[in-house]
Amino acid sequence: MKADLRPGVLFDVDGTLFDTNYLHTLTWSRAFGDAGEWAPMNAIHRLVGMGSDQLVRELLGHESPESVTARPRRYKELISEARPFPGADDLLHQVSGSGLAVVIATSAVADELDRLLDMLDSETTIDAKTTADDIEKAKPDPEVFLRAMEVGSVDPRRALAVGDSVWDIQAARDAGIGCVAVESGGYSEHELSEAGALQVYRNVKEIHDQFRTSPLALLLP
C-alpha cells in the first residue's frame, strides 16, 4: 500500500450531484425513437447509470447501435436544463476542507462531464475524476470506483462512495467499499437500503447538514 494514499470520497454525478436522471431518461426515449425502437420511460429510468450497451440490451433484449449513436446528440439538446442539486458545492467543499480527497467517479463522456462541472464552484476542491475514456465497463461493474481510487490516490481501506442508485451501491460493494446513498435520483429509501446503502439521505444537502454524524465523518484523518 502506498504511503501517500489518502482517505477520500468518490462522488457519482447524475442523480447525485446533478438533477439529470430524468433528462437521461428522456434522452434515451428520444434516441430509441430515432432508431425505430421503444421502451417505457419508467423502465428507462430504472436503468439510468448503467453503461449504454448494457442499458440497451436490458431494455430492448437486443443491441441497437443506432440508439447508442443517437444518445449524445439527443442529450446535447437537453443538457442546458441540467442543474446541480442544492448543497452539491457545499458538500464538496466540506469534504475537501475536512482533509478528504474528492474524486468524481463516473463513466460519463468527458465533454458532457466538463459541461456539468462548469456549473459548480468546486474546481479547487476536486482532486481527480474519471470519464468514459478511463473506463471499459460502466456501473454496476466496480471498475468506475476502482479506477477513481487509483487516479485520486485514495486508500481503499478509507474510502466511501456517494451515489443515488442501486447500481452505485452494487459497484461500490464489488469494489470493496461502502456507499452512502441519496434519494434524489429517483430510487426510494427502501430500495437503496435493501441494496446495501450504509445510510440514505434525501439529497446531498442533507448529507452536508448532517456531515458530522454521517458515515463520511468516519473517514476524517
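Quick caveat, the model's predicted, so the values are computed rather than measured.
The shortest side-chain heavy-atom distance between T20 and Y75 falls under the 4.5 Å cut-off. Considering only heavy atoms from C-beta on, L17 comes within 4.5 Å of I104 through its side chain. The shortest distance between side-chain heavy atoms of L47 and W167 falls below 4.5 Å. The shortest distance between side-chain heavy atoms of I79 and L23 does not fall below 4.5 Å. Side-chain atoms of D134 and V151, non-hydrogen and from C-beta on, never get closer than 4.5 Å to each other. Two residues are said to be in side-chain contact when any heavy atoms from C-beta on lie closer than 4.5 Å; L160 and P215 meet this criterion. Contact check for Q170 versus C179: no side-chain heavy atoms found under the 4.5 Å cut-off. Side-chain contact between D174 and P140 is absent, with no heavy atoms from C-beta onward closer than 4.5 Å.
Enclosure of atom CE in M119 by more than 12 non-hydrogen atoms of other residues, nucleotides or ligands within 6.0 angstrom is indicated.
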Pair F18-L120, side-chain contact (heavy atoms from CB on, under 4.5 Å): steps then yes or no: CA-CA 10 Å; F18 289 87; L120 295 176; 3.7 Å; yes
Stepwise side-chain contact (heavy atoms from CB on, under 4.5 Å) check, V48 with S165: CA-CA 8 Å; V48 168; S165 72; over 6 Å; no
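How far CD of E189 is from CG of L192: 8.5 Å, rounded to the nearest 0.5 Å. Atoms CG and CD, on L117 and E123 in that order, are 10.0 Å from each other to the nearest 0.5 Å. Rounded to the nearest 0.5 angstrom, D155 CG and M149 CE are separated by 9.0 Å. Rounded to the nearest 0.5 Å, atoms CG (L5) and CD (E150) are 10.5 Å apart. The CG atom of L92 sits 5.0 Å away from atom OG1 of T125, with the distance rounded to the nearest 0.5 Å. I126 CD1 to F11 CZ: the interatomic distance, rounded to the nearest 0.5 Å, is 9.5 Å.
By the salt bridge (charged side-chain N to carboxylate O under 4.0 Å, His left out) test, E191 pairs with R46, sequence neighbours left out. Taking F85 as the reference, nothing meets the ring-ring contact (aromatic ring centres under 6.0 Å, His included) condition, with sequence neighbours excluded.
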Distance-only check: which donor-acceptor pairs under 3.5 Å involve side-chain atoms of residues 50-66, not counting sequence neighbours?
from	atom 1	to	atom 2	distance (Å)
S64	OG	S67	N	3.4
S64	OG	S67	OG	2.7

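Across L10, V9, V95, T124, a single residue satisfies side chain to side chain contact (heavy atoms under 4.5 Å, CB included) together with V102, and that is V95. Put simply, the residue from D164, D14, D12 that forms a salt bridge (charged side-chain N to carboxylate O under 4.0 Å, His left out) with K139 is D12.
In the hydrophobic clustering, where aliphatic and aromatic side chains (Ile, Leu, Val, Met, Phe, Trp, Tyr) are joined below 4.5 Å either directly or transitively, I135 groups with V144.
Among residue pairs with one or both ends in residues 193-207, those qualifying as side chain to side chain donor-acceptor pair (under 3.5 Å) are Q199-Y201, R202-E206, K205-D209; sequence neighbours excluded. The side chain to side chain donor-acceptor pair (under 3.5 Å) contacts involving residues 91-114 comprise R71-E112, D114-K129, where partners must be two or more places apart or lie in separate chains.
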